[in-house]
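Only one structure is covered here, and it is reproduced in the block below.
FYI, the numbering just counts along the sequence from 1.
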Amino acid sequence: MKTTKTPLLGLDYDELINICEQMDVSPVHAKKVMGKVFRYGEFDIENIPDFPKKLLNWLQDNTEIILPEIIANQHAEDGTQKLLMRMRDAKDVESVLIPADGRLTQCISSQVGCAIGCEFCLTATAGLTRNLTTAEMMQEVMIAKQVLGEFPRNIVMMGMGEPLHNYEHVAKFVRMVTHEQGMALSPRRVTISTAGLVPAIYRLLEDDLPCSLAVSLNATTNNVRNQIMPINQKYPLEDLLAVMQKYVGARNKKRILIEYVLLAGINDSMDDAKRLRDIAKSLGSTVNILPFNPFEGSRFARPSDEVVDMFRNFLNDAGVVAVVRISKGRDISAACGQLKTEINQRAATLRKQRSLTL
Ligand code: SAH
């Protein structure tokens, strides 16, 4: 006997059409569900005009729309809100809403915790608990609509987790938020950010997923990258740069945003800046400089404002567009790499247990 219903928020257009076919009703009703639920964020499917009773009954019997409980909503001075949501299995994830220039950007979590273990990242200290499903990522978006009355116009997969380590669910989520019958976000406005899972980037390219790509490069030599990102021991810089080169050289002229966490005395020298210039130029990439956001227990420090400015100016002067990303919501630790639920106590032990079997 079936005890749990299928989450409706995880059903894509093709699956809804399939259900219509099974119910022997017109596929136009799939379009109606898409419009109601995903375009307008309304869940009262019983009020859809001219909706076949048997389809409605089937959906009500077999599917459900659940939203996580919001257990904390912290407001930062700059308007950023960090939502802590409790999923059905009592796992907590965070999502950050960033209103800027009249457009809402949402930072979505793709996993509970993360397995990648970047040394400068607070989320990493928790280890990986589990992947989020497509429906759960969609729930994050629906919660944004409930809290702010609008859907995000930009989605960045830069919350907790490594999106390419949860490829299937993330890919379906990306296809759903960009689907023309649903939320219809522009693929340019949906960004997957990766620590550099090389095979998954090849797959992304092959699948031609409708999204943008950001790569957290964070270092320009294997020596430094090995120290701060253990993933580099598995997929070294030359392999990462090769797939990035392939990606930007693809037929449809895709671009990659380079993210670069600036760590004092580690990767902020003039030589680093020069190597970064060469890499960015060869890829035609823009660089987002993320001055390190410190957290308790971390061995890194944030470079001085002068060093940050020098680094950026050097790149700009060399013809590379480089932006220092102002960390939104620093006063509520919603900034990059700071998305970790305070109540998660698993950190230290898991960190030791974690093995990189990616
Ligand atoms: N796993 C993905 C997305 C999550 S992290 C990735 O690695 O890209 C999002 C961005 O925040 C990454 O560029 C990461 O390098 C950066 N970041 C992580 N911790 C940070 C910190 N403490 N300060 C500044 N940026 C950080």
Side-chain angles (χ1 to χ4, degrees), residues 68 82-87 89-96 106-134 136-137 139-140 155-171 173-174 191-201 204 213-219 225-235 240 259-261 263 288 290 292-300 327 333-358:
K82 181 173 79 167
L83 301 172
L84 182 60
M85 310 175 192
R86 181 151 294 170
M87 295 299 171
D89 62 351
K91 298 288 180 283
D92 297 329
V93 294
E94 287 166 337
S95 189
V96 182
Q106 185 170 16
C107 184
I108 296 277
S109 289
S110 55
Q111 296 181 312
V112 182
C114 186
I116 306 296
C118 301
E119 295 285 335
F120 48 81
C121 177
L122 181 60
T123 305
T125 59
L128 177 68
T129 301
R130 68 170 175 85
N131 284 333
L132 289 176
T133 62
T134 301
E136 287 173 321
M137 287 178 257
Q139 287 173 21
E140 293 182 53
I155 285 182
V156 292
M157 309 292 295
M158 294 181 187
M160 295 166 76
E162 165 54 48
L164 294 185
H165 192 203
N166 182 14
Y167 191 93
E168 297 291 345
H169 290 128
V170 167
F173 173 73
V174 164
T191 303
I192 287 184
S193 176
T194 180
L197 271 66
V198 170
I201 301 176
L204 204 59
L213 180 64
V215 171
S216 301
L217 194 68
N218 297 340
R225 205 164 192 269
N226 282 340
Q227 288 171 40
I228 61 175
M229 300 178 78
I231 185 85
N232 196 69
Q233 289 159 26
K234 187 155 178 137
Y235 305 119
L240 178 58
E259 291 167 281
Y260 195 88
V261 179
L263 306 162
N288 263 4
L290 312 166
F292 175 62
N293 289 309
F295 53 89
E296 214 184 300
S298 148
R299 63 184 167 92
F300 300 109
S327 273
S333 72
C336 298
Q338 309 233 326
L339 292 175
K340 199 193 102 182
T341 57
E342 284 80 9
I343 43 177
N344 194 336
Q345 301 295 334
R346 312 170 61 235
T349 30
L350 270 167
R351 197 172 173 77
K352 288 197 194 92
Q353 290 164 6
R354 189 185 337 108
S355 60
L356 265 178
T357 45
L358 298 167

Measure the spacing between [atom1] of [X] and [atom2] of [Y] and express it to the nearest 0.5 Å.
{"X": "His165", "Y": "Ile231", "atom1": "NE2", "atom2": "CD1", "value": "8.0 Å"}
{"X": "Asn226", "Y": "Asn232", "atom1": "CG", "atom2": "CG", "value": "4.5 Å"}
{"X": "Met160", "Y": "Asp92", "atom1": "CE", "atom2": "CG", "value": "8.5 Å"}

Checking side-chain contact (heavy atoms from CB on, under 4.5 Å) for the pair Val170/Leu164: CA distance, chi angles, key distance, verdict? CA-CA 7 Å; Val170 167; Leu164 294 185; 5.7 Å; no
Any side-chain to backbone donor/acceptor pair from Asn218 onto Val261? Under 3.5 Å, distance only. yes
When you measure from the side chain of Ser109 to the backbone N and O of Glu94, does any donor-acceptor pair fall under 3.5 Å? yes
In chain order, what residues pass the salt bridge (charged side-chain N to carboxylate O under 4.0 Å, His left out) check against Glu140, with sequence neighbours excluded? none
Can you check whether [X] reaches [Y] side chain to side chain, under 4.5 Å on heavy atoms?
{"X": "Phe173", "Y": "Ile155", "value": "yes"}
{"X": "Asn293", "Y": "Leu122", "value": "no"}
{"X": "Met87", "Y": "Pro68", "value": "yes"}

Closest non-hydrogen atom pair, [X] against [Y]:
{"X": "Leu132", "Y": "Asn166", "answer": "O-ND2, 2.9 Å"}
{"X": "Phe292", "Y": "Phe120", "answer": "CE1-O, 3.3 Å"}
{"X": "Leu217", "Y": "Met229", "answer": "O-SD, 3.9 Å"}
{"X": "Ser95", "Y": "Met85", "answer": "CB-CE, 3.5 Å"}
{"X": "Leu128", "Y": "Val112", "answer": "CD1-O, 3.5 Å"}
{"X": "Gln227", "Y": "Glu119", "answer": "O-CG, 3.3 Å"}

Would you sort out whether Leu240 and Ile201 count as a side-chain contact (heavy atoms from CB on, under 4.5 Å), showing the intermediate values? CA-CA 9 Å; Leu240 178 58; Ile201 301 176; 3.9 Å; yes
Glu136 bridged to Arg130 by N-O distance under 4.0 Å: yes
Checking Glu162 against Ser110: is there a side-chain donor and acceptor pair closer than 3.5 Å? no
